[in-house]
4 protein chains.
Amino acid sequence: MPEDNEDKKNRILDAATSLFAKRPFHKVLLDDVAQAAHVGKGTLYLYFEGKEELYLAVLFRNFSKLIERIQDNIAKNENDPKAQLTGIIEELIKSLYNHAAFYELLRGAIVSLPDNNRWSGERAKLYKLIENVLRSGIEKEVFSDSHPDLTALYIPGIVRSVCLRRPEAMTTEDILRHAGGFVLEALRPR
Amino acid sequence: MPEDNEDKKNRILDAATSLFAKRPFHKVLLDDVAQAAHVGKGTLYLYFEGKEELYLAVLFRNFSKLIERIQDNIAKNENDPKAQLTGIIEELIKSLYNHAAFYELLRGAIVSLPDNNRWSGERAKLYKLIENVLRSGIEKEVFSDSHPDLTALYIPGIVRSVCLRRPEAMTTEDILRHAGGFVLEALRPR
Amino acid sequence: MPEDNEDKKNRILDAATSLFAKRPFHKVLLDDVAQAAHVGKGTLYLYFEGKEELYLAVLFRNFSKLIERIQDNIAKNENDPKAQLTGIIEELIKSLYNHAAFYELLRGAIVSLPDNNRWSGERAKLYKLIENVLRSGIEKEVFSDSHPDLTALYIPGIVRSVCLRRPEAMTTEDILRHAGGFVLEALRPR
Amino acid sequence: MPEDNEDKKNRILDAATSLFAKRPFHKVLLDDVAQAAHVGKGTLYLYFEGKEELYLAVLFRNFSKLIERIQDNIAKNENDPKAQLTGIIEELIKSLYNHAAFYELLRGAIVSLPDNNRWSGERAKLYKLIENVLRSGIEKEVFSDSHPDLTALYIPGIVRSVCLRRPEAMTTEDILRHAGGFVLEALRPR
DNA sequence: CATGAATGAGTGTTCATTCAT
DNA sequence: AATGAATGAACACTCATTCAT
């Protein structure tokens, strides 16, 4: 793969992200991806091994971006688990709100591939991040939860579902406030 | 379509459910469906218009079954919103636990088809069912929630995510207990 | 094959005639034939061996009818070759005018089948009939023609082409008059 | 469709012409066409939209070639309507003699398609060409005919029928001589 | 005899992948 | 490195034919 042309690779990923967001896997044609990326179809194969690899790369890149932003956010609110948790929810909403395809990310039930591992590792990283925030809150006694590992799963699930089917009249802020409140309430120390 | 053989139609739907549960749409071959249903390939077309219609029928039938079970469960626990809510979560877990393909149901972002309406109507029915339980609980002051319409979305989201990625060591009962507790806690009157 | 149900066989042939007249062979479905004949699809196979046999039977029956009518017409105008020839043209026009599919009859280039023989025998019969009229006219010195066998081919060809593409404004009589005149002129003794 | 490779397109058309000449539409497989054209099956779809379009393209190309040759022939025999007419018959014989499928051309009753128009336009062109030769002959008083538009239809009909069922012993020249004589006789001024 | 539900071989079409330029 | 024309394996879908009722 060419080194300096990281640009072109990103153009392809952007195009693919947008198309996989709109249509299911089997309805996205590599012809379309190439066209949208202003790239020859053969070029796709210089940067990715095939359609599935491209698909995973899309998910992976976007997922990694999300994790990075969440890490930043956690760092910014050190020692304030409530703010950290709200920040996580906020980042999740921002990610999912505009990237329908991206829902696949949290799904992972479908594609099974050799390097599925790299992939589920990334997913595990997200959940661990959340779980750690929960544990630190429990330790600091601002949260109460017998199974933070499960709760870590709930939170992306909550955000995902509300982003997919959000009521028309509702703004992102409304959703953030309500979902954040819902989770904090559930975790309130007894 | 033949009139009486609802049986054969169901055999096809069963086979398709099982296959769509294991593989993504484009990896499921109609040859396989036919074989699994012990039916000629042409027979599929007597009962369904094509692959997509079959896919939707699978989702629809399973979704309808779920709604029915939830309705029964709600009726059984009349006047006890907490028990109703726990029952809903229980039914959701039972449905999602074994039917990966079924996750598509709560997703719906992807497939777009003519009779998508019949389809999203069914989905709306589920959410309304949950919302009504929440509202009755609010009225009876066993729940407190400013946006039961949003919360109605969260609940399937929570169940979905935990079913998809549940920790190995956890039984269905454990999950039900924790998820139910989580939600009830979040809704506790202040 | 049932003896008394010659009726049903004819109903099938009528339906098939009408459908093969409107569409090319591969666009005519046996489902349609059965429906149009108010007969179960399986019944077709009680009377005909398959689709091709049915197709040929359609052509054959109609062709035989035509030959019969032409024979009658020739007998009626004994000793008047001009009237006989005009009669032949008239019958051809009447047959072809309403039976587009029927054009296949004079064609025969396409289907090749075992009993194609019975078939081309019938076709030969038509041409022989015309040729004989021509020969009797030549003998009586009302026609002049060095190759009546070729001319016998021209006449159905002429009628066929004008029936297929006749000018809108032209009646059957107009066509008969002109085509008949054309042929008689060509055969005029020198 | 690729720009420069008119060659490959013609190779496909040649192969298809030859196959459609030998078998009816539904017996011609695209696999065979591809193989005969030494081309991958998918390549067919780069140049034609589907089987029917290919079929029509075959007819159209050959028909256009015929018309061109007839036009040249007419130009070569300017001011000699008899020679022009004989030339037309000769070209028709040459075309039809070797291209059975080609009979479809003058037929056109069967296939109905969107761009059927382009198609019947071409057919109309042929008939107009003949009609004009007839009219110029009438004007010059070497022909006599009350309906040159009808006669224009007869001529391809005559050639067609004799080519389809020509007697074995007859050469192309014999046929040309007789058919030409037949027509000229029919048109002789009275 | 009559039927039409069931069948599966057969075929048109798609589209990821390759490779000559 | 970049391309896009060419490819053919793979697949959905059709429909003549069969056969249990």
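Predicted, not measured: the structure shown is a model, and the values here were computed from it. Chain identifiers are assigned alphabetically (A, B, ...) following the order of the sequence lines, protein sequences preceding nucleic acid strands; residue numbering begins at 1 within each chain.
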For the aromatic rings, using the six-membered ring if either is Trp, is the centroid distance between C/F25 and D/F25 under 6.0 Å?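 C/F25 vs D/F25: aromatic centres not under 6.0 Å.
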Side-chain N,O (C/K8) to OP1/OP2 (E/dA2) below 4.0 Å: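 Yes.
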D/Y47 vs F/dA6: side-chain N/O to OP1/OP2 distance below 4.0 Å: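 Yes, such a contact exists.
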Does the plane of the ring in C/Y55 sit parallel, tilted or perpendicular to the ring in C/F20? Use 30° and 60° as the thresholds.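 Judged by the thresholds at 30° and 60°, the geometry between C/Y55 and C/F20 is perpendicular.
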Taking for each residue the nucleotide of DNA chain E bearing the nearest heavy atom, is the 5' side occupied by A/G50 or by B/L44?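 Per heavy-atom nearest nucleotide, the more 5' residue is B/L44.
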Along DNA chain E (nearest heavy atom to each residue), the more 5'-positioned of D/G42 and C/G40: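 The 5'-side residue here is C/G40.
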Should E/dT21 form a Watson-Crick or G-U wobble pair with both distances under 3.5 Å, which nucleotide is its partner?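 Across all strands, the one nucleotide that pairs with E/dT21 is F/dA2.
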Paired with E/dT7: which nucleotide, if any, by Watson-Crick or G-U wobble criteria at under 3.5 Å for both distances?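 Checking every strand shown, E/dT7 finds its partner in F/dA16, with both distances under 3.5 Å.
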Could you tell me whether the side chain of A/K41 has a donor or acceptor atom within less than 3.5 Å of a complementary atom in the base of E/dT17?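 Yes, the side chain and the base share a sub-3.5 Å donor-acceptor pair.
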Any N or O donor-acceptor pair under 3.5 Å from the base of F/dT17 to the side chain of C/K51?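 Side chain to base: no pair present.
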Using side-chain heavy atoms (C-beta onward) and a distance below 4.5 Å, is C/L44 in contact with C/K51?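 Heavy-atom side-chain distance check fails, nothing below 4.5 Å.
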Take the protein atom [atom1] of [X] and the nucleotide atom [atom2] of [N], then report the distance between them rounded to whole Å.
| X | N | atom1 | atom2 | result |
| --- | --- | --- | --- | --- |
| D/L29 | E/dT13 | CG | C1' | 14 Å |
| D/E49 | E/dT14 | CD | P | 10 Å |
| C/I12 | E/dT3 | CD1 | C1' | 12 Å |
| B/H26 | F/dA9 | NE2 | C1' | 15 Å |
| C/K9 | E/dA2 | NZ | P | 13 Å |
| A/Y45 | E/dA20 | OH | P | 17 Å |
| D/L30 | E/dG10 | CG | P | 16 Å |
| C/D32 | F/dT14 | CG | P | 14 Å |

First encountered from the 5' end of DNA chain F, between D/H38 and A/H38: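 In this pair, the answer is A/H38.
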5′-ward residue of the pair D/V39/C/D31 relative to DNA chain F: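 Its nearest nucleotide lies further toward 5', so the answer is D/V39.
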Looking for any heavy atom pair under 4.0 Å, which part of the strands does C/V33 touch: base, sugar-phosphate only, or nothing?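 No contact at all - C/V33 keeps every heavy atom at 4.0 Å or more from the nucleic acid.
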Rounded to the nearest 0.5 Å, how far apart are CD1 of D/I12 and NE2 of D/H38?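 Separation between the atoms: 12.0 Å.
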Pair A/L19, A/K27 - check side-chain contact (heavy atoms from CB on, under 4.5 Å), show working. CA-CA 9 Å; A/L19 288 167; A/K27 288 263 181 85; over 6 Å; no
So if I take every side-chain heavy atom of B/L46 and compare against E/dT3, E/dA5, F/dA2, which nucleotide ends up nearest?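 The nucleotide sitting nearest to the side chain is E/dA5.
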